[in-house]
Amino acid sequence: MGGPGASDDLTAGHRTQVRLATHHDVTPSSGGYWYHRQTQTPHPAAQDEEFQAHLIQVLESHTGVPLD
């Protein structure tokens, strides 16, 4: 997660969370996907209900724990 092979600037990682917690004009105020203080489009699978249902089935099968 850190060190010379890290894929991002760890010293800047907190800035988005601080802005979301303290700035009064954040849009969207809830439910957004954020990266470096900018809204981003999440991966399409994050909005694909069929994929999500299949993922839950696979996780339940793998762990033996029902996820209702």
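Residue Val18 shares its hydrophobic cluster (ILVMFWY side chains chained together at separations under 4.5 Å) with no other residue.
Under the side-chain contact (heavy atoms from CB on, under 4.5 Å) criterion, His24 pairs with no residue, sequence neighbours left out.
Screening residues 31-55 for side-chain hydrogen bond (donor to acceptor under 3.5 Å, both in side chains) gives Asp8-Tyr35, Asp8-His36 as the qualifying pairs, with residues at least two apart or on separate chains.
Closest approach of Val26 to Arg19, counting heavy atoms only: CG2-O, 3.9 Å.
The number of heavy atoms from other shown groups lying within 6.0 Å of NE2 (His23) is above 12.
Phe51 and Leu67 fall within a single hydrophobic cluster, where Ile, Leu, Val, Met, Phe, Trp and Tyr are joined by side-chain heavy atoms under 4.5 Å apart, directly or via other members.
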